[in-house]
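Working notes, beginning with the structure itself.
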Amino acid sequence: VHTMNEQNNCLEKQPLCDEMLQKMDAYWRATNYLSAGQLYLLDNPLMRKPLTMDDVKKKIVGHWGTVPGQNFIYVHCNRVIKRYDLDMIYISGPGHGGNFLIANTYLEGTYSEVYPNISQDEEGMQKMFKQFSFPCGVPSHCAPETPGSINEGGELGYSIAHAFGSVFDNPDLITTVIVGDGEAETGPLATAWHSNKFLNPATDGAVLPILHLNEYKISNPTVFSHISHDEVESFFHGCGWKPYFVEKSAEDTEMDMHKKMAEAVDACIEEIKAIQKNARETGDKKRPFWPMIVMRTPKGWTGPKVVDGEVIEGSFRAHQVPITMEKPEHLDILKEWLLSYKPEELFTEDYQLIPELKEIAPKGDHRISANPHANGGLLLRDLRTPDFTKYGVDVTAPGAVKAQDMIELGAYIRDIFKLNKENKNFRIFGPDESMSNRLYHVFEEQNRSWNAEMVDNDDCLATDGRIMDGMLSENMCEGWLEGYLLTGRHGFFASYEAFIRVVDSMAAQHAKWLKVTNQLSWRQPIASLNFILTSNVWQQDHNGFTHQDPGFLDHIANKKADVVRMYLPPDANCLLSCFDHCMKSKNYVNAIVASKHPSCQWLTMEQAVKHCS
């Protein structure tokens, strides 16, 4: 075993060779087999007995189209993690295909560590297959239940924003993010390509986007896959990326694709390392063109080619289940498909992955599925906060004094930045509104993050700024914040009450994430998602009806109280008390509605604390 480990280690650290590519292909076949098995099989997990309809689920639910491509990428990530000693997490943007991530986490051993009943034997494999997309089982997407996940694909468009949020202030982390080509058509995702203008290579980590072109959505072609190579390359160059293309031609074998992909991933990692080394050693602040990959493979790759005379692989018909099981002859097609992965070569008699393939996966916390950044509560450090009572307004009598609540709060937040200067675990997020929201005092301590060009007339911009309000997109700013929180840091999102409605569904998705994680003992609590809603409806007479909409509170109020809280502080002292409380809370979505205009102050600080309590 020692000799075998040394040999594998040598292969992993060296440039590509055929032996390593063959092992990666075998590992990929194993993940594809386990992914397809989760879709179809109730029993007989390695088909060591003749396959019968009793072994097959009565209702086949789930998705296949994106799965083999994502398995392919995952095994290539494993190789570069070991070759370059990387700290890497993997964000899956496509809305479904969660069976691929379960398959990989199972082979890495993490799934069985988290869920001991899903053991590394025949019984455990059978249970893993049965539970997928099954009553009282697990969802068909990369949900909180799956180790290694921080992006639930229930609503598309946020994968790149989450990825960038995860690497801000994480200088050693690389987040590989897979973007589905259907997902790439959403507004938030299309906007997110510009996140690279806010990344500081000296102090932040890096994002490696992989646009997975498999050409079809549920029933339509995708735009990126049906335009010319030149257009795609020009689009990404225009967004500040350097795209590498890994495209499967009709003549390419799977081994050809492994070679192309491995070379592209190596080139990207080496470029990322060179960009970071240059910025960190020379102080060069010029924005680089970061590498990315455009990978074109057939939808449903390696699956059934034709069923009932209709093309499956490479068509929209591979999106969900490639074979329905209402016809007896489909059992033979299913059997032929599953056996094409040659499971007898991949697993031992006791249902373990064979030792030489087990060595493909990284070890310990270097496994993507066990990386602490994907369970951010493990890394969470309490925020250092000043005594909020020192920032209050002196109220001589109720209503006798006027003040601007958000200006007073800004001084408190400024000093949060000061106290956490070394920890670098706190940022403000919002769409170009920090000044409008009267957070004037924070600019005494911090600048806006900006890594595009700057001119003399620009105000408070810096490559190392911590105020993330340089992008006029509510989706983008909240997505960054969610990624930041999910990887163990703190922050808040401030915007106008009427326009916070843009992220209604994002807040709902995050609340769903928290609701599930509250039931998972292994998911550690993270800092709450905190909203400050200013420019509230009653103070918008100058802008008129367009800026009046208190509906976010309606939206939040129908969520469960064990996840959501709403605060309506009537003055500055109450706002300070509420904000301090919310910033110290965990696993909540907190909505604070605050005034930014001159308004009457009602309670002394002592009264405010009692009132809020």
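Heads up: numbering here begins at 1 and tracks the sequence.
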Heavy-atom closest pair, residues [X] and [Y]:
| X | Y | value |
| --- | --- | --- |
| Ser112 | Gln120 | OG-NE2, 3.0 Å |
| Thr105 | Pro147 | CG2-O, 3.4 Å |
| Leu485 | Arg489 | CD2-O, 3.3 Å |
| Glu474 | Phe493 | O-CE1, 3.6 Å |
| Tyr27 | Asn104 | CE2-OD1, 4.0 Å |
| Phe132 | Val61 | CE2-O, 4.1 Å |

Would you say that more than 12 heavy atoms from the other residues, nucleotides or ligands in this model lie under 6.0 Å from the [atom1] of [X], or not?
| X | atom1 | value |
| --- | --- | --- |
| Ile354 | CD1 | yes |
| Lys559 | NZ | yes |
| Lys305 | NZ | yes |
| Lys560 | NZ | no |
| Gln519 | CD | yes |
| Lys363 | NZ | yes |

[Y] backbone acceptor or donor facing [X] side chain under 3.5 Å:
| X | Y | value |
| --- | --- | --- |
| Asn590 | Asn530 | no |
| Lys127 | Ser119 | no |
| Glu108 | Arg367 | no |
| His226 | Pro221 | no |

Trp480/Phe164 under ring-ring contact (aromatic ring centres under 6.0 Å, His included): CA gap, chis, key distance, verdict:
CA-CA 6 Å; Trp480 288 343; Phe164 274 88; 7.6 Å; no
Checking Phe236 against Phe245 for the ring-ring contact (aromatic ring centres under 6.0 Å, His included) test, could you report, in this order, the C-alpha distance in whole Å, the side-chain angles of both residues, the deciding distance, and whether it holds?
CA-CA 12 Å; Phe236 287 111; Phe245 286 81; 8.0 Å; no
Give the intermediate values and the outcome of side-chain hydrogen bond (donor to acceptor under 3.5 Å, both in side chains) for residues Tyr115 and Gln131.
CA-CA 12 Å; Tyr115 304 110; Gln131 71 173 4; over 6 Å; no
Out of curiosity, Asn558 CG to His555 NE2, how far, rounded to the nearest 0.5 Å?
7.0 Å
CG on Leu34 to CG on Leu353, rounded to 0.5 Å
8.5 Å
In terms of side-chain heavy atoms, does [X] have a donor or acceptor partner in [Y] at a distance below 3.5 Å?
| X | Y | result |
| --- | --- | --- |
| Thr110 | Ser369 | yes |
| Asp350 | Thr348 | yes |
| Thr146 | Ser149 | no |
| Ser35 | Asn71 | yes |
| Gln70 | Tyr90 | yes |
| Thr175 | Ser166 | yes |

Taking the ring centre of each residue, are His141 and His63 less than 6.0 Å apart?
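Aromatic pair excluded; centres sit 6.0 Å or further apart.
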Derivation and outcome, side chain to side chain contact (heavy atoms under 4.5 Å, CB included), residues Asn214 and Trp301:
CA-CA 9 Å; Asn214 60 20; Trp301 192 17; over 6 Å; no
Parallel, tilted or perpendicular, judged at 30° and 60°: which one describes the rings of Trp64 and Trp337?
perpendicular
Are [X] and [Y] within salt-bridge range, i.e. N to O under 4.0 Å?
| X | Y | answer |
| --- | --- | --- |
| Lys512 | Glu155 | no |
| Arg48 | Glu344 | no |
| Glu359 | Lys23 | no |
| Asp308 | Lys327 | yes |
| Lys260 | Asp256 | no |
| Arg317 | Glu310 | yes |

If you apply the rule ring-ring contact (aromatic ring centres under 6.0 Å, His included), what do you find for Phe429 with Phe168, and how did you get there?
CA-CA 12 Å; Phe429 297 81; Phe168 292 143; 7.0 Å; no
Trace of the ring-ring contact (aromatic ring centres under 6.0 Å, His included) decision for His212 with Phe224
CA-CA 10 Å; His212 185 200; Phe224 270 121; over 10 Å; no
